[in-house]
Amino acid sequence: MESIVSVVIPTYNGAAYIRETLDSVLGQTYRPLEILVVDDGSTDGTGDAVAAYAPHVTLIAQSRQGHPAARNRGVQSATGDFLSFLDHDDLWAPDKIETQLACFLRDPALDLVFGHIRNFFTAEMSEADRRLVAVPLRPLPGLLQGAMLARRTAFHRVGPFSQQLDMGDFLDWYGRATTLGLKTHILPDVVLHRRIHAANFTRTHGHLRKQYLPAVKQLLDRRRAAAAQEPKGEGKL
């Protein structure tokens, strides 16, 4: 029996890109998929755009609570054996899920599988604006939620995304995962195409970047605490 993969897509005012994003999920070479879009209080018609994809896509509406809460809401509703996440403006490579699941089949001990990402500029972004954004366009290791496939049991070992962080919530989550010793692999394949546009959350909410600092500090503190609890090796005679 094939494993069900639950795809959680949080969105807030994502009408401009959500259709293309959903098409990239529905175009996956792997089935079965459970696609859950959590509309976090959109006011631009996002819900109507997503509703048009029923019954292939399930729309979950909630009041505005932030994208970590929206992801957690999606996880609570998910029934699949594996969990994957995608932002409403990004795209998956067609074989993203199939390639990552094959990795789990080769090594059943794996908890998380990542791939590479490739940034791309959205078509409406002018050349002048593109020059102002210093992002590499070559493939990069993708330690991002959109490039991850996780065993559902492994995700729940780590726990939900922190709703106290509007930015850096995945860094915090991944830090907890590494502290627990979850087995991770990064594939060389590009699995996520990350859209760069004028309304990217990290650009419009630059004032929140300071939240990365406590997330990094918590990660380092956890690693130090874990190292302190490791048994000391016996000295050589």
Cationic N near anionic O, under 4.0 Å, [X] to [Y]:
X: Asp90; Y: Arg195; answer: no
X: Asp87; Y: Arg71; answer: yes
X: Asp23; Y: Arg19; answer: no

Sub-4.5 Å side-chain heavy-atom contact between [X] and [Y]:
X: Pro139; Y: Val190; answer: yes
X: Arg152; Y: Leu83; answer: yes
X: Phe121; Y: Asp129; answer: no
X: His88; Y: Thr46; answer: no
X: Val113; Y: Thr99; answer: no

Measuring from atom [atom1] of [X] to atom [atom2] of [Y], what distance do you get when rounded to the nearest 0.5 angstrom?
X: Ile18; Y: Thr11; atom1: CD1; atom2: OG1; answer: 4.5 Å
X: Leu105; Y: Leu110; atom1: CG; atom2: CG; answer: 10.5 Å
X: Trp92; Y: Ser84; atom1: CH2; atom2: OG; answer: 3.5 Å
X: Ile9; Y: Leu59; atom1: CD1; atom2: CG; answer: 11.0 Å

Connected-component partners of Leu91 among ILVMFWY, side-chain separation under 4.5 Å: Phe120
Whether Glu98 side chain and Arg31 backbone form a donor-acceptor pair below 3.5 Å: no
Polar side-chain atom of His193 near backbone of Ala93 as donor-acceptor pair, under 3.5 Å: no
Option among Val158, Thr184, Asp169, Leu144 that satisfies the side chain to side chain contact (heavy atoms under 4.5 Å, CB included) test with Tyr174: Thr184
Distance flag, aromatic centroids of Phe85 and Phe161, threshold under 6.0 Å: yes
Arg130 and Ile196: CA distance, side-chain angles, deciding distance, side-chain contact (heavy atoms from CB on, under 4.5 Å) verdict: CA-CA 9 Å; Arg130 295 182 188 195; Ile196 307 300; over 6 Å; no
In one Ile/Leu/Val/Met/Phe/Trp/Tyr side-chain cluster, 4.5 Å: Val25, Tyr17: no
Polar side chain donor-acceptor pair, His197 to Asp89, under 3.5 angstrom: yes
